[in-house]
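Sequential numbering from 1 along the given sequence is applied to the chain's residues.
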Amino acid sequence: MTEIRHIVFDIGKVLIHYDPDLPFSRLIPDAGKRKWFFDNVCTSAWNIEQDRGRTWEDAEALLIAAHPGHTENIRNFRRHWHEMVPHAYDDSVAVMEGLIDAGRDVTMLTNFAADTFVEARRRFAFLNRPRGVTVSGEVGLIKPDRAIYDRHAQAFDLDPAATLFIDDSRNNVDGARAAGWQAVLFTDAATLKSDLKTFGIAA
C-alpha cells in the first residue's frame, strides 16, 4: 500500500449536517405531501444540477414552469437552505483539524452549489483551514464523475495513489478509487479514526 501523503475530505454529511426535511417539516407539515414534493418537484436530481453549476434562478424557473402551484415552496428550497445545514459534526471537524495541526496535507472535494458554499464558509470557519477546496458548482463537474477527481489532483498536485478520500457516499468513494485514489466510506468520526489508523495515520 502506498503511503498516504494527501487527505481529501468531503463536506456534507462528513463535516456538516445536511437535511432538507428540517425546514420543510414546517413548510409542508403533512409527511405524505412532503415526500411527494421531494419525489416529484425539488428532487435530488434537480438539486444536483445546482451542484453542477446551474443557477438557482434557472433552477427555480424550470420547476415553476412545470409546477406553478408549488411556486412558493420551490423558492423556499434556496430561501431556507441555511436551515438545512444547522450544525457541524464537531468530532469529525476535530479529526480534520487534528490532521492539519499534525502537518498533514488536507484538502476538500465537495458537491456543493457555488453560492451556498460561500455561505457555508462564512458560517463554519473550519472550512477555511484546509489547503484548498474543489467545489463542484464552481468547476462545472460533480462526483462521482472521474473528471472532478482528476481536476482536484491536478489543481493541488496530488499523487492519486498517495491520496486518501473520505466521503459518506458509496458512489463517490467508488469514483475516487476508479480515479486511482485510496478511499474510505464515512459513517462516523470513531470509524474514521479507525480507518485512518489502518493507513498508518494517527488521528
Side-chain angles (χ1 to χ4, degrees), residues 2-18 47-56 81-82 84-85 87-169 171-186 189 192-193 195-196 199-203:
T2 304
E3 180 187 0
I4 297 299
R5 300 196 306 276
H6 316 288
I7 302 171
V8 183
F9 278 80
D10 176 36
I11 296 175
K13 295 189 177 179
V14 173
L15 297 172
I16 60 176
H17 189 59
Y18 173 76
N47 190 41
I48 199 72
E49 292 307 312
Q50 285 72 270
D51 288 354
R52 200 194 300 270
R54 179 171 63 188
T55 67
W56 288 101
W81 178 86
H82 62 285
M84 301 178 191
V85 285
H87 60 81
Y89 298 144
D90 292 340
D91 48 2
S92 301
V93 173
V95 171
M96 184 186 77
E97 293 193 313
L99 293 168
I100 295 169
D101 291 342
R104 293 280 180 179
D105 180 41
V106 176
T107 57
M108 300 179 297
L109 171 59
T110 183
N111 284 354
F112 225 113
D115 64 321
T116 52
F117 184 70
V118 170
E119 184 177 327
R121 220 170 190 176
R122 283 198 301 263
R123 288 176 54 196
F124 302 106
F126 60 83
L127 293 176
N128 299 296
R129 289 212 58 199
R131 180 161 66 94
V133 59
T134 296
V135 179
S136 64
E138 294 177 358
V139 300
L141 302 166
I142 57 170
K143 299 175 293 183
D145 296 347
R146 169 73 182 259
I148 196 168
Y149 301 96
D150 291 345
R151 191 188 193 285
H152 185 81
Q154 183 176 19
F156 294 101
D157 195 26
L158 309 184
D159 173 0
T163 298
L164 179 64
F165 183 53
I166 301 155
D167 198 294
D168 68 296
S169 160
N171 286 341
N172 295 345
V173 165
D174 290 345
R177 289 175 178 157
W181 298 18
Q182 305 293 321
V184 296
L185 182 67
F186 177 85
L192 175 57
K193 287 182 181 181
D195 288 339
L196 288 168
F199 287 91
I201 300 168

Just so I know, are the side chains of [X] and [Y] near enough to count as touching, which here means a heavy-atom distance under 4.5 Å?
X	Y	result
Phe156	Asp105	no
Ile11	Phe117	yes
Phe124	Val93	no
Leu15	Phe126	yes
Leu158	Val8	yes
Ile148	Ser136	yes
Phe9	Val133	no
Phe186	Phe165	no

Enter the distance from [X]:[atom1] to [Y]:[atom2] here, rounded to the nearest 0.5 Å.
X	Y	atom1	atom2	answer
Leu127	Ile16	CG	CD1	6.0 Å
Trp181	Thr163	CH2	OG1	6.0 Å
Leu192	Ile166	CG	CD1	4.5 Å
Arg129	Ile100	CZ	CD1	5.0 Å
Ile142	Ile48	CD1	CD1	4.5 Å
Leu141	Arg146	CG	CZ	13.0 Å

Determine the minimum heavy-atom distance between [X] and [Y], stating which atoms define it.
X	Y	answer
Leu164	Leu196	CD2-CD2, 3.6 Å
Ala179	Pro160	O-CB, 3.9 Å
Ala161	Ile4	O-CD1, 4.5 Å
Val95	Lys193	CG2-CE, 3.7 Å
Leu99	Ala203	CD2-CB, 4.5 Å

For Asp101, does the CG atom sit with more than 12 other heavy atoms under 6.0 Å from it, leaving out its own atoms?
yes
Atom pairs and distances, side-chain donor-acceptor, residues 106-114, under 3.5 Å, sequence neighbours left out:
unit_1: Thr107; atom_1: OG1; unit_2: His152; atom_2: NE2; d: 2.8
unit_1: Asn111; atom_1: OD1; unit_2: Lys143; atom_2: N; d: 2.9
unit_1: Asn111; atom_1: ND2; unit_2: Lys143; atom_2: O; d: 3.1

Does Asp145 reach the main-chain N or O of Ala147 with its side chain, forming a donor-acceptor pair under 3.5 Å?
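The answer is no, because no donor-acceptor pair under 3.5 Å joins these two groups.
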Donor-acceptor check, side chain of Arg123 to backbone of His82, threshold 3.5 angstrom: yes or no?
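Judged by distance alone, yes, a pair lies under 3.5 Å.
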Walk me through whether Val184 and Phe199 qualify under side-chain contact (heavy atoms from CB on, under 4.5 Å).
CA-CA 10 Å; Val184 296; Phe199 287 91; 3.7 Å; yes
May I ask you to say whether Glu119 pairs ionically with Arg122, meaning some side-chain N is under 4.0 Å from a carboxylate O?
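So Glu119 does not pair with Arg122 through a salt bridge.
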